[in-house]
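So the structure is just underneath, and the comments pick up after that.
Predicted, not measured: the structure shown is a model, and the values here were computed from it. When reading the values below, keep in mind they use all heavy atoms of this one structure, side chains included, and skip hydrogens, waters and symmetry mates.
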Amino acid sequence: MKYNTIIIGGGLAGLTAGATLSKFGKKVLLLEQHHKPGGCATTFKRGDFIIEVGLHEMSGVVENGTIPQIFEMLEVDQKVDLLKVPEFYAAYSDRGKIVCPHGFDKVTKALIEKYPEDKKGIKRFMKCLAGIRKEGVSQPRSPLVQKLIYPLMPLLYPNLVEASRHTVGSWLDKYISNENAKLDLVAHIAYWGDDPYTLSMFYYGLPFSGFIENGGHFIKGGSQRLSDHLAAYIEKHGGTVLLGKKVENIVTENGRVTGVTFRDNFNKDLDAITISCDNAVANCAIPSVPAMLDEPFASSLKEKISNKINSCSLLCMYLGFNKNLEEFGVKHYSNVIEGDDVKSLKDVKRNHKGDWKKRRFIFVDYGKVDAQLAPPGKSEGVICTVDYLQDWEDLNEEDYKAKKEEVALILLERLNKQFPGIRDSIEYYEVSTSKTIQRYTSNPTGSVYGYAQIKGQIAGQRFRNNFLIPNLYFASAWAFPGGGFEGSITGGFLAALQMNKDKIWSECDDSKYIDQRIVSLLERKKIDDKTLELRFEKPADTPPQNGSYVCLNLLKPKVTELDLPYRWLPIFSNGEDNHLGFQIELDGSSFSKSCELMDSGDVVTIYGPKV
């Protein structure tokens, strides 16, 4: 059995690369360790709420831009709805409130009205931002052409050249005099990094200009909708998506990748499997790749990345409310709450590492758009702030839980101070830390943006394409062009274009890997008004044992409103039975309704067991 391309990881870059290659007619196998695709572009369910893991607002959805063109090509625009958020952000501090609207003219006017003494600098800032995006996406892709025009870069791409020479801090210090104006301009810095004096002005300017030009966007129903669509697109076009499979080795012979070895990530008793390929895409974190490689490639990659600096991580506090938040004074979608110890740009990094009682954070009210994350009459929100793994990694389980609760209570108190009464409407909260991100995405140090977007680690200085092995490509937040939804999607698409250009392909037949975890429904029986019994075929590979938990994933759920198509359930059938049995609580959820509507022969995937 052989595939043209094996993609290691199911994050947005890997999914986009896989979908694009499938569009080109290539036979693709995507391997993802989690039981759902998406990486940070996923959702989970808690009570009445669909919890959005990572997306707050997406940049790059601009007219004639790269993202809309990719979405059109991969039919995302036909299946996924993008909701434009009302404004970029509102920032609250002891110096007052400022609302940053969409549109270069509008935001320029708002800033100049508040800081008239910096009128010239503000106009220059907006001109630079607009120029960064326009010039950044119009550069020639050919390395030869880039080399030929290099002497003319200051003339052809003045804003790009200027931005590449600056950090955000150095640029603002040069052209803006009022420290408060600078702080308002970096209110959302947590979406890119943690320190204005190391964050590249070029990288900061690309998404910032995208947000201003055509607004930030949220995926209706949550980012899982996008991830699921791309995974389905791969399979629709002849590819295979295997979830719950962890790659152990990238097989090389004579200096080239010849296959990939993987193992079931939930059932460790199963044997490892190796499948051949023409080429591979590493969508996983680049620091994780050396452990998958043989020598000399493992040592070579370790050396190349030895001086790289990881980005910060994020702490997210997910919140479910039993009311619309407007009545508590929440008037905006994205709300930045500054710490009262931030008086100048130089205080920002220190604040991000400081006392939680003062650390700046962003509060997003998803209820300001038709997010479809909460039922009518309820709302969902999230508190997001910079986080670092070193603050959590040495804590034992008990101390870790205690510290999370301590931080949660501090943040809730501060949120309630800004919006009085909001705390009493909370019916659910949960804290995700850098440690959580590392656990679920395998990103070292929980670095959501991959390598930090600092000078020396941006644009052409990021790892790109097949720099290590001729037929091993890299597409992730750690590679070119960088992190975030826009960066990851673009990176996956560009990697696929390069692979198609390189033409490292051979003929493949139509045979596919048969997933033995996919089983059919044998019997559906209602026990009483509250309980449904489902009996399935046993998985062919080492069936789960009685008493253990497995993830039951419905492949074609008939009802999906405000729910996800899986549950972790205990097995109640006898280990010697010729079937696998589950009891489903009829709680009115879309999952239970879908189970009630299942017919004999309908298929599910069984992930596990987990004792």
(request) Would you mind reporting whether I132 and S209 have side-chain heavy atoms less than 4.5 Å apart? (result) no
(message) Tell me whether the count of non-hydrogen atoms from other residues, nucleotides or ligands lying under 6.0 Å of OH in Y440 goes above 12.
(response) no
(request) Taking atom NZ of K97 as the centre, report whether more than 12 heavy atoms of other residues, nucleotides or ligands fall under 6.0 Å from it. (result) yes
(request) Say whether E117 and S177, considering side chains only, have a donor N or O and an acceptor N or O under 3.5 Å apart. (result) no
(request) Please say whether more than 12 non-hydrogen atoms of neighbouring residues, nucleotides or ligands are located less than 6.0 Å from CD in E326. (result) yes
(request) Test the K79-Y233 pair against the cation-pi criterion, namely NZ or CZ under 6.0 angstrom from the six-membered ring centroid and within 45° of the ring axis. (result) no
(request) Assess whether atom NZ of K106 is packed by more than 12 heavy atoms of other residues, nucleotides or ligands within 6.0 Å. (result) no
(request) Look at the aromatic rings of F363 and F321 and report parallel, tilted or perpendicular, splitting at 30° and 60°. (result) perpendicular
(request) Taking H35 for its side chain and L243 for its backbone only, find out whether a donor-acceptor pair lies under 3.5 Å. (result) no
(message) Taking A452's backbone N and O only, do any of them form a donor-acceptor pair with Q457's side chain (distance below 3.5 Å, no angle check)?
(response) yes
(request) For R414, look at atom CZ and say whether over 12 heavy atoms of other residues, nucleotides or ligands are found less than 6.0 Å away. (result) yes
(request) Could you name each residue pair satisfying side-chain hydrogen bond (donor to acceptor under 3.5 Å, both in side chains) that touches residues 420-429, not counting sequence neighbours? (result) K378-E427, E405-Y429, Y428-E430
(message) Any carboxylate oxygen within less than 4.0 angstrom of a Lys/Arg side-chain nitrogen, looking at D184 and R95?
(response) yes
(request) Considering only NZ, NE, NH1 and NH2 on the basic side and carboxylate oxygens on the acidic side, decide whether D365 and K368 come within less than 4.0 Å. (result) yes
(request) Would you confirm whether D347, through its side chain, and S344, through its main-chain N or O, come within 3.5 Å as a donor-acceptor pair? (result) yes
(message) Once rounded to the nearest 0.5 Å, what's the spacing between atom CG of N335 and atom CD1 of I362?
(response) 9.5 Å
(message) Treating H229 as the side-chain partner and L74 as the backbone partner, does any N or O pair qualify as donor plus acceptor under 3.5 Å?
(response) yes
(message) Checking the side chain of K455 only, and the main-chain atoms of R165 only, is there a donor and an acceptor separated by less than 3.5 Å?
(response) yes
(request) Tell me, with the steps shown, if D173 and K182 meet salt bridge (Lys or Arg N to Asp or Glu O under 4.0 Å). (result) CA-CA 8 Å; D173 284 347; K182 298 176 192 178; 2.7 Å; yes
(request) Over all heavy atoms of both residues, which pair between S227 and L12 is shortest? Give the atoms and the distance, please. (result) OG-CD2, 4.0 Å
(request) Look at the side chain of E235 and the backbone N and O of L230, then say whether any donor-acceptor pair between them is shorter than 3.5 Å. (result) no
(message) Please check if the number of heavy atoms outside R439 that lie under 6.0 Å from its CZ is greater than 12.
(response) no
(request) Give a yes or no answer on whether the side chain of Q69 reaches the backbone of N64 with a donor-acceptor pair at less than 3.5 Å. (result) yes
(request) Report, as yes or no, whether the 6.0 Å neighbourhood of atom NZ on K84 holds more than 12 heavy atoms from other residues, nucleotides or ligands. (result) yes
(message) Is it the case that the ring center of Y318 lies less than 6.0 angstrom away from the ring center of F44?
(response) yes
(request) Decide if the gap between the ring center of Y92 and the ring center of F419 is smaller than 6.0 angstrom. (result) yes
(request) Kindly compute the distance separating NZ (K127) from OG1 (T108), expressed to the nearest 0.5 Å. (result) 12.5 Å
(request) Mind checking the CD1-CG spacing from I383 to L411? Nearest 0.5 Å is all I need. (result) 5.0 Å
(message) Is it the case that over 12 heavy atoms from other parts of the model lie below 6.0 angstrom from the CG atom of D105?
(response) no
(message) With a 3.5 Å distance limit and no angle check, can you tell me whether S164 reaches the backbone of V161 through a side-chain donor-acceptor pair?
(response) yes
(message) Would you say that L226 contacts F71 through its side chain, given a criterion of any heavy-atom pair below 4.5 Å between the two side chains?
(response) yes
(message) Give me the atom names and distance for the closest heavy-atom approach of F218 to L55.
(response) CE1-O, 3.6 Å
(message) Distance to the ring centre below 6.0 angstrom and angle to the axis at most 45 degrees; does that hold for K353 and Y388?
(response) yes
(request) Considering non-hydrogen atoms only, spot the tightest contact between A17 and A496 and give its length. (result) O-CB, 3.9 Å
(message) Counting C-beta onward and ignoring hydrogens, is there a side-chain heavy-atom pair between E179 and L345 closer than 4.5 Å?
(response) yes
(message) I'd like to know if E162 and K174 make a salt bridge, using a cut-off of under 4.0 Å between side-chain N and carboxylate O.
(response) no
(message) With heavy-atom distances below 4.5 Å as the criterion, would you say the side chains of V186 and L172 are in contact?
(response) yes
(request) Verify whether the ring centers belonging to F211 and H188 lie closer than 6.0 Å. (result) no
(request) Report the distance from atom CE of M126 to atom CD1 of I112, rounding to the nearest 0.5 Å. (result) 8.5 Å
(message) With side-chain contact (heavy atoms from CB on, under 4.5 Å) as the criterion, how do E52 and L373 come out once you've worked through the C-alpha distance, each side chain's angles and the decisive distance to 0.1 Å?
(response) CA-CA 8 Å; E52 169 59 51; L373 300 176; 4.2 Å; yes
(request) Look at K417 together with E413 and state whether they make a salt bridge at an N to O cut-off of under 4.0 Å. (result) no
(message) Measuring from atom OG of S447 to atom CG of D387, what distance do you get when rounded to the nearest 0.5 angstrom?
(response) 10.5 Å
(request) Kindly say whether G483 contributes a backbone atom to a donor-acceptor pair with the side chain of Y203 at under 3.5 angstrom? (result) yes
(message) To check you understand the geometry: which heavy-atom pair defines the closest contact between W171 and G121, and what is its length?
(response) CH2-O, 4.0 Å
(request) Evaluate the criterion side-chain contact (heavy atoms from CB on, under 4.5 Å) for residue pair F104 and L129; output intermediate values, then yes/no. (result) CA-CA 9 Å; F104 281 102; L129 289 188; 4.2 Å; yes
(request) Using side chain to side chain donor-acceptor pair (under 3.5 Å) as the criterion, point out the one residue from D340, D194, D341 that pairs with N351. (result) D341
(request) Indicate yes or no for a side-chain donor-acceptor contact from S334 to the backbone of V364 under 3.5 Å, with no hydrogens or angles considered. (result) no
(request) Measure the CD1-CG distance between I98 and L183 for me, rounded to the nearest 0.5 Å. (result) 11.5 Å
